[in-house]
Amino acid sequence: MRAAALGVVLSCVTAACSVVPTGRSPVVEDAGKGNPLNPPYARVIAMEPDADWTPEQIVTGFRAAMASIGDGKYEAARRYLTDDFAARWRPETGATVYRPAPSVTSPLPEGATAARVTLKGTVTAVIDREGRYRPRGGTLAELFTLVKGPAGWRISSGPDGLLLTEADADRAYRLVDLYFLGPKGQGLVIDQVQMPVDPASTLAKTTVERLLAGPSGSLRGAVETAFEPGTELIDVTTENNRVVVNLTRKVPAERVSAMSAQLAGTLSRLASGSSFEVRVNGEPYHTDASLLIDAQEYVKFDRWMAPADVSPYYLQDGGLRVLGRENVGGPVPGKAGTEYPGSPATPPAVSGSGPLHAAALSEDGKRISVAALTPDGQWEDWISGNDLVQPSWDRHDSLWTADRTGLQSSVVLRMYADDRRQYRVAAPELDTVEVTALKVARDGVHVAVAVKDGTGERVLVGTIVGERADSRIGNLQPVMDGDEKQTIEDIVWKDGTTLYVLTGKSELFEASLIAEAQQTIPSPPGIRSIAALNSSLLAWAVDDDGNSQVIKWNGKQWEPQVKDDNGSVAYVQDGPALPAFPLG
């Protein structure tokens, strides 16, 4: 029987199963079903270690117990450990997510009282103590030592943190978007975190509690919150088809709108379009009225959450044009509509608030010119340098670029429209690499950077903290690793959490901090640059004869966009090129 049981354990390890052979299943399906604020989930019930189990069965049982939902102190998992190791083990340090392979047990001589088991697999991600999920690669080879006592084998040493298969992680965590405020309370910034499933609560309640706890470390110092310090959540319930959030404290009157946007955005997926009401200690928020929140309050608070009527721009006939209704374009007002001083291979950058400005990088890469898109707008040189990258506007009307000052040496520059002063941005991680592209997300906080070093080209995402002379870029994390043969041609933000990456092979990837970069959209040959705004994805494409056109991905295929005077959308010589959305 023991040999048969061991065979079951080994097959389960290979198949990412959390089952220890005990005669009953440890997985309860669809727990929480029926509660609209708590989506159904499957939970693992941890099993007790058996005195007859082998060292490998003990390690397998311990790993299954680590995946037990609702055992917040991991008491069941600690029963697989010696008293000394149980006191030292720190599961709260985070989780390693992996694809399992058969474990390896060192040969055991007759009567052995010590054993070694190596848990094998391929690492796919890590989840830190704050719930930040980061794709990772590498080999998993975690050594466990075991000793045999009166109650059987127990683990005497092993790694800190949790070890979860991908299936375990899917059961134990839920991805949620927490909405915080940008600098000076302007706009919304999404903090994507993995929330541990808590059977004693609802996902809505634990999500709001996590929102009140503040942002994860990557956004700390870069974002704000409308809630007063010390605010606690009493409960999240439903009443008359409305989600009711019961808090312990109010916010000042000038921050009610921001608080409402944070709650509406954070609960939007769970609430499925329901409206909200905020109460304080069970009482109406206002003495004479309830505080009711529309489900779309976060969209009303920040237009860039779901921008409407935002037109793309492109270059043609030597000037900057805007694409209007029926896909017919016309020149923008001012000098930018008739003259473009930028490189014919580099898209313009368009600001996001009025009066709009366009920025263009010169062909020699030594200056960036800016023109207001107004009837009297003229091109003016704003930034000069040695070898600048394409400019990028943020939502605060400051212009960003990077200057390659030497071989694998770059400095990040920022200039504000209101004082026209050039500031150097502290970015130590970029000092010793060649920055090839830098784009600020529409939330004004996230930034994507393409860099080249001795190992090839990579794309990193970080956060912007501070303003003017105190500006810095930190928390840079890789979202796409390249090699010496792959070049990064363009990067653009799709939204506040996802970006597109165009390689020199005309391959188009979608990347983010929470998912491995995937080539999910087919791209025809000849794509030179891209532009994106939520579901709208545009590209500049050139055919084999050198004719060009702006094309759009319709979800199934690419379609030519810009019509000429005859209503044709054909590729033409010196045709539409270099599309750009505001704040791209």
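Reckoned from all heavy atoms, side chains included, excluding hydrogens, waters and symmetry mates. Keep in mind the model is a prediction, meaning the values are calculated, not measured. Numbers here are sequence positions counted from 1.
Screening residues 544-553 for salt bridge (charged side-chain N to carboxylate O under 4.0 Å, His left out) gives no qualifying pairs among residues at least two apart or on separate chains. Counting only residues at least two apart or on different chains, no salt bridge (charged side-chain N to carboxylate O under 4.0 Å, His left out) pair has a member in residues 530-542. Screening residues 334-350 for salt bridge (charged side-chain N to carboxylate O under 4.0 Å, His left out) gives Lys335-Glu339 as the qualifying pairs, with residues at least two apart or on separate chains. For the ring-ring contact (aromatic ring centres under 6.0 Å, His included) condition, no pair includes a residue of residues 565-584, sequence neighbours left out. Applying the ring-ring contact (aromatic ring centres under 6.0 Å, His included) rule to pairs touching residues 533-556 yields Trp553-Trp558, sequence neighbours excluded. Pairs of residues two or more places apart, or lying in two chains, that qualify as salt bridge (charged side-chain N to carboxylate O under 4.0 Å, His left out) and include a residue from residues 420-429 are Glu380-Arg420.
Residues satisfying the ring-ring contact (aromatic ring centres under 6.0 Å, His included) criterion with Phe301, sequence neighbours excluded, are absent altogether. Remark: Asn554 pairs with Lys556, Gln557, Glu559 by the side chain to side chain contact (heavy atoms under 4.5 Å, CB included) rule, at least two apart or across chains. Evaluation of the side chain to side chain contact (heavy atoms under 4.5 Å, CB included) rule for Asp170 yields no partner, not counting sequence neighbours. Taking Tyr98 as the reference, nothing meets the ring-ring contact (aromatic ring centres under 6.0 Å, His included) condition, with sequence neighbours excluded.
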Below 3.5 Å, can you tabulate the donor-acceptor pairs from side chains in residues 406-416 to any protein atom, sequence neighbours excluded?
unit_1: Ser409; atom_1: OG; unit_2: Thr405; atom_2: OG1; d: 3.0
unit_1: Ser410; atom_1: OG; unit_2: Val433; atom_2: O; d: 2.8
unit_1: Ser410; atom_1: OG; unit_2: Val435; atom_2: N; d: 3.0
unit_1: Arg414; atom_1: NE; unit_2: Ser398; atom_2: OG; d: 3.0
unit_1: Arg414; atom_1: NE; unit_2: Tyr416; atom_2: OH; d: 3.3
unit_1: Arg414; atom_1: NH1; unit_2: Tyr416; atom_2: OH; d: 3.2
unit_1: Arg414; atom_1: NH1; unit_2: Gly466; atom_2: O; d: 3.4
unit_1: Arg414; atom_1: NH1; unit_2: Ser471; atom_2: OG; d: 2.8
unit_1: Arg414; atom_1: NH2; unit_2: Asp394; atom_2: OD2; d: 3.1
unit_1: Arg414; atom_1: NH2; unit_2: Ser398; atom_2: OG; d: 3.4
unit_1: Arg414; atom_1: NH2; unit_2: Tyr416; atom_2: OH; d: 3.3
unit_1: Tyr416; atom_1: OH; unit_2: Arg468; atom_2: N; d: 2.9

Give the table of side-chain donor-acceptor pairs shorter than 3.5 Å for residues 306-321, with sequence neighbours excluded, one pair per line with atom names and distance.
unit_1: Asp317; atom_1: OD2; unit_2: Arg321; atom_2: NH2; d: 3.1

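Looking only at atom types and distance, the side chain of Thr487 has a donor-acceptor partner in the side chain of Glu489 under 3.5 Å away. A donor-acceptor pair shorter than 3.5 Å can be found between the side chains of Ser216 and Asp191.
Between His357 and Trp382, the ring planes are tilted. Angles from 30° to 60° get that label. In this structure, His446 and Trp493 have tilted ring planes: the angle between them lies in the 30° to 60° band.
For the pair Glu224 (side chain) and Lys184 (backbone), a donor-acceptor distance under 3.5 Å is present. A distance-only check finds a donor-acceptor pair linking the side chain of Thr266 to the backbone of Tyr179 [under 3.5 Å]. Looking at Thr207, its side chain does come within 3.5 Å of a backbone N or O of Leu203 through a donor-acceptor pair. The closest donor-acceptor contact from the side chain of Asn386 to the backbone of Arg404 lies under 3.5 Å.
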Next on the checklist: Test side-chain contact (heavy atoms from CB on, under 4.5 Å) on Glu130 and Arg220; report intermediate values, then the result.
Outcome noted: CA-CA 12 Å; Glu130 294 182 316; Arg220 201 163 296 133; 2.2 Å; yes

Checklist entry - Do Leu178 and Val176 pass the side-chain contact (heavy atoms from CB on, under 4.5 Å) test, and can you show the C-alpha distance, the side-chain angles, and the key distance before you say yes or no? => result CA-CA 6 Å; Leu178 306 177; Val176 299; 4.1 Å; yes

Next on the checklist: Walk me through whether Glu507 and Lys505 qualify under salt bridge (charged side-chain N to carboxylate O under 4.0 Å, His left out).
Outcome noted: CA-CA 5 Å; Glu507 298 170 326; Lys505 299 177 182 178; 5.3 Å; no

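Annotation for Asp381: atom CG counts as buried by contact number, over 12 foreign heavy atoms lying within 6.0 Å. Atom CZ of Arg134 has more than 12 heavy atoms from other residues, nucleotides or ligands within 6.0 Å.
Using a 4.5 Å heavy-atom threshold, the side chains of Arg458 and Val451 count as touching.
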